[in-house]
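We name chains A, B, ... by the order of the sequence lines, and we start the count at 1 in each one.
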There are 2 protein chains.
Amino acid sequence: MSVTGHTSADTPADQAAKGGKSVSIRDVAAAAGVSYQTVSRVINGNASVKEATRERVQEAIRALGFRPNAAARALANRDTRSLTVVTSNTTLYGYAATLQGVEEAARAAGFTVGISVLESEADEHVRATVNRAADSSSGLVVIAYDSAGVRALDCVPDGHPVSAAVEAPAGPLSNSLPRAWIDDAEAAAEATRYLLELGHPTVHYVALPSTTHASRRTAGWRAALEAAGAPVPEPVGAGWDAVAGYDAGRRLAQDPGVTAVLCGNDDLALGVLRAMYEAGRPVPGQVSVVGFDNAPQSAFYTPALTTVEMDFTDLGRACFALLHDVLAGTSTAAALPPVPRPRLVVRESADVHHPAPTP
Amino acid sequence: MSVTGHTSADTPADQAAKGGKSVSIRDVAAAAGVSYQTVSRVINGNASVKEATRERVQEAIRALGFRPNAAARALANRDTRSLTVVTSNTTLYGYAATLQGVEEAARAAGFTVGISVLESEADEHVRATVNRAADSSSGLVVIAYDSAGVRALDCVPDGHPVSAAVEAPAGPLSNSLPRAWIDDAEAAAEATRYLLELGHPTVHYVALPSTTHASRRTAGWRAALEAAGAPVPEPVGAGWDAVAGYDAGRRLAQDPGVTAVLCGNDDLALGVLRAMYEAGRPVPGQVSVVGFDNAPQSAFYTPALTTVEMDFTDLGRACFALLHDVLAGTSTAAALPPVPRPRLVVRESADVHHPAPTP
DNA sequence: TCCAGAAAAGTGACCGGTCACAATCCTGCC
DNA sequence: GGCAGGATTGTGACCGGTCACTTTTCTGGA
């Protein structure tokens, strides 16, 4: 890794640019021969200003390189038009996509977006992070797919504007903050039924660390199994990434009764795929695997992953809309945005059940 | 996707919390029976305040639930202690990891970090995005791996504090802004030599859309080939994701002379892997593939991907350090941070060359 | 030509902190 | 007891915008 910096020759210029007094509306006003209030009117484009005056002011603005000071504006307005997203690991697909959605919607609405990542779920750390985030923006969007996020939600100062992306509607949330989630129970059930219809006696589940003990996904899987009268195996607890999936997969691979596996996300599924491969249990020949999320890579795995498509980006947009409502004071439970249901996308990793060869 | 909001019963409380005047240091001062300046001293912990007084003030702060107003502070200080990261698609591993690094370092230094994503490289859009980012924070970190980013770098208002993560030191950057990059030329060369030593007559290259026409990666690959006296095939232009890799891979698969492929990143490599698989050209049996970046998933592909490990997080940290120096006015080219060189991690996707069976 | 009323432009105060400097309170020592 | 000098604390102005309200300038109709 390499680095270049300014040459020392640049420094004076920098100093000038930094230390040199920045131009304010008063400076512009003087240059244009009007009052500062008129300049304010021009840059906000709202009040009535004579065309000739407006042009004169705009000319001055251009000449002086004036840029309105956001802090001053925020102070006077008592509003920053900014939000910060509180999240853990943005390197995971679901998180990154949600963030992307929030950012997109926020930017469109003229909001500035900050990001604040939770590095652990240690109480003090979470509290400090949330407090700083709350102070530096007018609203919070918490991505609470994991327990660090849920804890963060609990730390939000009372009454502070916030919305959250959560795993499931019911949960350990002490308060009834506005929140959005993707109802994937039905999709999980659909995936499970799909596997069952392929002839598998039952479907094993590699679960994400749940924040709720009542994950919609898990519930859908269980319900489908029960409805079909199939045995309900204990879900295999795992983490978030391929490493965790691999570990779970190795355990599952040892049980010859395992022929179908539903995974909490695509990374987990990738790990399972690999573990099965190493254990000499071909997918989908001997074991079928279905993922969750439809990450961009999963169509290219070998076998291509059958998975459930989730629109995290849209979820992010919804979270912004929710926060925006709170900020505007128009927050109501009544206004439900469109509900894009997740759907199963069938590829190669799941196939009809082939009874294990009896040796 | 589902959404809940506040019940209407909550609304009054909200209004109160929002409309109700927020407590200022003057309020705290009155409650504690001291002057506002003393309160300021207490919350900044710097000046000399008698212990008894400090406690009285802190008690008042707690009682009133005082939280310092960031905007006011920024206005008075002429400094926000905030930066915003300008980047495109944060869903890609390299970008997300870099962002994570910047955020981590920034948070540690008490900086607030914003994010602003470039949705296209349309000039007007880029300019608007950069300007807004520049106005809302005291410094910019531009991730300029792609042309949208490079363009953004060119739009940064003159003299505005900025640092950048770039693809290569030399480039179309018109100005000499402080920037950091991972010197992967040697790593690319190492990977190429590795493939050559495996007996492959040459190594094909699936390139990232380069911002510079002089990507270090490409240069390293070419140099290694030339040094070995191997033919230098035309790099296959591609995009950033697995889809692009897949397209490139299909073209490559048709040429029986292709036995070794180096890819600009792991997603590209995944696409190539898949294309080769579909074309009936087993990897690594018939074709060897090496990726770049060592994304967390690549160890779990089948075959596990041999790739070059890049420490993007550290690069992000370096970018922050650079910006921090600029902000502090201590920016010099002299201060080079430690240089963690990328290294080749050998897994399964590359193997000794097996001459094509002569049919 | 004059005046009402709308349009345009200006004034003062304030948002919630910080700085520079002044004022007051101690303490030890002559 | 009085005083120098450091430790504490208070005062006024200001950062760069915005709001509410006042003043000045236009406009058209009587």
Check the distance between [N]'s [atom2] and [X]'s [atom1] and give it to me in whole angstrom.
X: A:Leu64; N: D:dG16; atom1: CG; atom2: C1'; answer: 15 Å
X: A:Asp79; N: D:dC19; atom1: CG; atom2: P; answer: 12 Å
X: A:Arg56; N: C:dA9; atom1: CZ; atom2: C1'; answer: 11 Å
X: A:Asn77; N: D:dG17; atom1: CG; atom2: P; answer: 12 Å
X: A:Lys50; N: D:dT24; atom1: NZ; atom2: P; answer: 16 Å
X: A:Asn44; N: D:dA20; atom1: CG; atom2: C1'; answer: 16 Å
X: A:Ile25; N: D:dC15; atom1: CD1; atom2: C1'; answer: 12 Å
X: A:Arg26; N: D:dT18; atom1: CZ; atom2: P; answer: 10 Å

Open item on the list: I'd like to know if the side chain of B:Arg179 and the backbone of B:Leu177 have a donor-acceptor N/O pair within less than 3.5 Å.
Closed with: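 Checked: pair present.
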TODO: Mark yes or no for whether A:Thr80, through its side chain, and A:Ser82, through its backbone, hold a donor-acceptor pair below 3.5 Å.
DONE: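 Not confirmed, A:Thr80 side chain does not pair with A:Ser82 backbone.
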Among the candidates [options], find the nucleotide nearest to the side-chain atoms of [X].
X: B:Leu75; options: D:dC15, D:dT18, C:dG17; answer: D:dC15
X: B:Val34; options: D:dG10, C:dG17, C:dC15; answer: D:dG10
X: B:Arg41; options: D:dC15, D:dG17, C:dC21; answer: C:dC21
X: A:Ala72; options: C:dA13, D:dG17, C:dG17; answer: D:dG17
X: B:Ala76; options: C:dA13, C:dC19, C:dG17; answer: C:dG17
X: B:Tyr36; options: C:dG16, D:dG12, D:dG17; answer: D:dG12

Polar pair under 3.5 Å, donor/acceptor by atom type, side chain [X], base [N]:
X: B:Arg78; N: D:dG16; value: no
X: A:Gln37; N: D:dT18; value: no
X: B:Arg73; N: C:dG16; value: no
X: A:Arg67; N: D:dG16; value: no

Open item on the list: Any carboxylate oxygen within less than 4.0 angstrom of a Lys/Arg side-chain nitrogen, looking at A:Asp314 and A:Arg317?
Closed with: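 Yes, this pair counts.
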Open item on the list: Tell me whether B:Arg62 is salt-bridged to B:Glu59, with the criterion being a basic N under 4.0 Å from an acidic carboxylate O.
Closed with: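 So B:Arg62 pairs with B:Glu59 through a salt bridge.
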So, does [X] get its side chain near the phosphate of [N], meaning an N or O under 4.0 Å from OP1 or OP2?
X: B:Ser22; N: C:dG16; value: yes
X: B:Asn69; N: C:dC15; value: no
X: B:Ser40; N: C:dT18; value: yes
X: B:Ser35; N: D:dG10; value: yes
X: B:Ser48; N: D:dT8; value: yes
X: B:Thr53; N: D:dT8; value: no

Task: side chain to side chain donor-acceptor pair (under 3.5 Å) between A:Asp146 and A:Tyr95, worked out - done: CA-CA 10 Å; A:Asp146 51 50; A:Tyr95 292 75; 2.5 Å; yes
TODO: Would you please classify the geometry between the B:Phe320 ring and the B:Phe111 ring as parallel, tilted or perpendicular, with 30° and 60° separating the classes?
DONE: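 If you compare the ring of B:Phe111 with that of B:Phe320, the planes turn out perpendicular.
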TODO: Hey, which sits more toward the 5' end of DNA chain D by its nearest nucleotide, B:Arg54 or A:Phe66?
DONE: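 Whichever sits nearer the 5' end wins; that is B:Arg54.
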